[in-house]
Amino acid sequence: MEALGALGVLGPFRVVVLNDTLTTLLAATRDPRSAGCTGFIGVVVGTGTNMAAFETQERAGLRAPSWAGGAMAFNLESGNFRRFPRGTLDERLAQETHDPERQWFEKAVSGQYLGELCCLALRDLAARGAGPAALAEGARTLP
């Protein structure tokens, strides 16, 4: 509000802070064909990644007294999902990250990680003498 005031935008203002992942999921509810939205997933893939979904009380396994029934939006915090196999090169690259044992899924789908993984794979091919000679030369000279 102070920054807007400094720009000459007159207030008063009401500020609402929304979670980007839940907001992405809620955007689907604007489509009249999406009645209920159970089964929808809101996904944010940017500098990080996360998912949100609507679930019923029965499926969520929760019996909160304040839950009036129907579907509720859940922020799934999927960035640290780790029930997927990682290869040898993934393991090697993960060890070079700030915190190798955290945020597996988030790292695995990020552009920077995938770029580094591709570079590592090309260098690995070159070191084993696999692939075309031009590929091996290119892999050696990548920054």
**Q** Using the test side-chain contact (heavy atoms from CB on, under 4.5 Å), find all partners of Arg128 that sit at least two apart in sequence or belong to another chain.
**A**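 By the side-chain contact (heavy atoms from CB on, under 4.5 Å) rule, Arg128 matches Asp124, Leu125.
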**Q** I want to check something: taking the side chain as every heavy atom from C-beta on, are Glu77 and Asn50 in contact at a cut-off of under 4.5 Å?
**A** yes
**Q** If you link ILVMFWY side chains whenever their heavy atoms are less than 4.5 Å apart, which other residues fall into the same cluster as Val44? By chain and number, please.
**A**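 None, because no other hydrophobic side chain comes under 4.5 Å of this residue.
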**Q** Indicate, with yes or no, if Leu122 and Leu117 share a hydrophobic cluster defined by side-chain heavy-atom contacts under 4.5 Å among Ile, Leu, Val, Met, Phe, Trp and Tyr.
**A** no
**Q** Answer whether the closest heavy-atom distance between the side chains of Thr21 and Phe74 falls below 4.5 Å.
**A** no
**Q** May I ask whether Val15 and Leu10 are part of the same hydrophobic cluster, defined by side-chain heavy atoms of I, L, V, M, F, W, Y residues being less than 4.5 angstrom apart, directly or through others?
**A** no
**Q** Is it possible for you to say whether Leu89 and Phe84 belong to one hydrophobic cluster, with membership spreading through side-chain heavy-atom contacts below 4.5 Å?
**A** no
**Q** CD of Gln103 to NE2 of His98: how many Å apart, nearest 0.5 Å?
**A**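 Here the interatomic distance stands at 11.0 Å.
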**Q** Give a yes or no on this: more than 12 heavy atoms of other residues, nucleotides or ligands lie within 6.0 Å of atom CD of Gln112.
**A**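 No, the 6.0 Å shell around CD holds no more than 12 heavy atoms from other groups.
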**Q** Could you tell me which non-hydrogen atom of Thr24 sits nearest to which non-hydrogen atom of Gly42, and how far apart they are?
**A**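 So the minimum-distance heavy-atom pair works out to CG2-CA, 4.2 Å.
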**Q** My understanding is that only residues two or more places apart in sequence, or in another chain, count here; which of them pass salt bridge (charged side-chain N to carboxylate O under 4.0 Å, His left out) with Asp20?
**A**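 Here no residue qualifies.
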**Q** Heavy atoms only: give me the nearest Phe81-Trp104 pair and the separation to one decimal.
**A** O-CB, 3.5 Å
**Q** What are the two closest heavy atoms between Pro100 and Ala94, and how far apart are they?
**A** CB-O, 3.3 Å
**Q** Check whether any side-chain N or O of Arg86 sits under 3.5 Å from a backbone N or O of Ala108 as a donor-acceptor pair, and report yes or no.
**A**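 Not confirmed, Arg86 side chain does not pair with Ala108 backbone.
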**Q** Decide whether Leu114 and Val45 are clustered together by the hydrophobic rule: side chain heavy atoms of Ile, Leu, Val, Met, Phe, Trp, Tyr closer than 4.5 Å, transitively.
**A** no
**Q** Does atom CD (Glu91) have a neighbourhood of more than 12 heavy atoms from anything else shown, all under 6.0 Å?
**A**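 Check passes, neighbour count above 12.
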**Q** Which heavy-atom pair separates Thr49 from Phe105 by the least distance, and what is that distance?
**A**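 Shortest heavy-atom separation between Thr49 and Phe105 comes out as CG2-CD2, 3.8 Å.
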**Q** Does one hydrophobic cluster hold both Met51 and Leu22, with members joined at side-chain heavy-atom distances below 4.5 Å?
**A** no
**Q** Looking at every non-hydrogen atom in both residues, tell me the closest pair between Thr97 and Lys107 and how far apart they are.
**A**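 Distance-wise, the nearest heavy atoms are OG1-NZ, 2.9 Å.
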**Q** Going from CZ on Arg82 to CZ on Arg102, what distance comes out if it is rounded to the nearest 0.5 angstrom?
**A** 9.0 Å
**Q** Out of curiosity, Cys118 SG to Arg123 CZ, how far, rounded to the nearest 0.5 Å?
**A**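 So the gap between those two atoms works out to 12.0 Å.
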**Q** Between the main-chain N or O of Ala52 and the side-chain N or O of Asn75, is there a donor-acceptor pair closer than 3.5 Å?
**A** no
**Q** In Å, rounded to the nearest 0.5 Å, how long is the span from CG of Leu93 to CG of Leu120?
**A** 6.0 Å
**Q** For the residue pair Asp90 and Tyr113, what are the closest heavy atoms and their distance?
**A** OD1-OH, 3.0 Å
